[in-house]
J.: 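One structure follows; several queries about it will come next.
Only heavy atoms go into these numbers, but all of them, side chains included; no hydrogens, no water, no symmetry mates.
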Amino acid sequence: MEHVKAHRTGTGTGSRRAGLLAATAGLVLAGMLTAGPASAATTGADDSTRPATRAACAYYDGNALTVYGQRGDRVKQVQCLLANRHHLGWQDVTGSFGAKTRTAVKEFQTEHHLTADGKVDKKTWRALYA
């Protein structure tokens with residue numbers, strides 16, 4: 001009876017779902033603002049012993065050219081994807097494409113047999129999303 005009443009008044013499942021989505025988004029954001037995903041933050045461990053868990057990078061969904069000197073969500077997306085692969089520290093996910101990000105992009109490109117020019121083009125985006 002309670003479920004029927006909640007459905008009639010417009011509350012219940014929909015508002016519970018919205019609350020769950022908001023809480024989930026908050027957890028993802030909290031993980032990204034600290035040291036990345038909690039399970040990936042290990043002290044004294046090298047990359048081979050870290051869990052494969054990755055943060056959900058949800059700043060940008062595209063493949064536009066992203067280069068040194070730019071700022072914004074595209075840059076944060078690149079940085080988050082690079083941090084997931086241990087090419088960049090989580091503290092460096094700033095939204096500003098500087099020297100550290102360019103170096104990390106070049107390392108990633110070399111590792112993936114791409115032209116290591118430090119520019120995130122369509123091929124580099126594809127490799128980052130893979």
J.: Between Phe97 and Gly118, which heavy-atom pair has the shortest distance, and what is it?
T.: CZ-O, 3.3 Å

J.: Which distance, rounded to the nearest 0.5 Å, do you find between the NE2 of His112 and the CG of Leu128?
T.: 8.0 Å

J.: Quick check against the 3.5 Å criterion: does Ser96 have a side-chain atom that pairs as donor or acceptor with the backbone of Gly98?
T.: no

J.: Tell me which pairs pass salt bridge (charged side-chain N to carboxylate O under 4.0 Å, His left out) where either residue lies in residues 107-130, with sequence neighbours left out.
T.: none

J.: Looking only at non-hydrogen atoms, find the nearest pair between Ala127 and Leu114 and report the distance.
T.: CB-CD1, 4.0 Å

J.: Return the set of residues passing side chain to side chain donor-acceptor pair (under 3.5 Å) with Gln79 (not counting sequence neighbours), or none when no residue passes.
T.: Thr101

J.: Taking atom CG of Leu81 and atom CZ of Arg85, what is their separation to the nearest 0.5 Å?
T.: 5.5 Å

J.: Who are the ring pair (Phe, Tyr, Trp, His ring centres under 6.0 Å) partners of Tyr60, not counting sequence neighbours?
T.: Trp125

J.: Specify the closest pair of heavy atoms between Cys80 and Tyr59, including all atoms of both residues, with the distance to one decimal.
T.: CB-CE1, 4.0 Å

J.: Which heavy atom of Trp90 sits nearest to which heavy atom of Ala55, and what is that distance?
T.: CH2-CB, 3.5 Å

J.: Once you round to the nearest 0.5 Å, how far does OG1 of Thr103 lie from CZ of Phe108?
T.: 15.0 Å

J.: Within a strict 4.5 Å, meaning less than it, do heavy atoms of the Val105 and Gln109 side chains meet?
T.: yes

J.: Quick one: list whatever passes salt bridge (charged side-chain N to carboxylate O under 4.0 Å, His left out) with Lys76, sequence neighbours left out.
T.: none

J.: What is the distance from atom CG of Leu65 to atom OG1 of Thr124, rounded to the nearest 0.5 Å?
T.: 9.5 Å

J.: Which heavy atom of Ala130 sits nearest a heavy atom of Arg54, and at what distance?
T.: O-NH1, 4.1 Å

J.: For residues 92-103, pull every pair meeting salt bridge (charged side-chain N to carboxylate O under 4.0 Å, His left out), keeping only residues two or more places apart or in separate chains.
T.: Asp92-Lys100

J.: Applying side-chain contact (heavy atoms from CB on, under 4.5 Å), name anything that partners Thr110, two or more places apart in sequence or on another chain.
T.: Ala116

J.: Start with the C-alpha distance between Tyr68 and Val120, add both sets of side-chain angles, then the distance that settles side-chain contact (heavy atoms from CB on, under 4.5 Å), and finish with yes or no.
T.: CA-CA 9 Å; Tyr68 182 83; Val120 185; over 6 Å; no

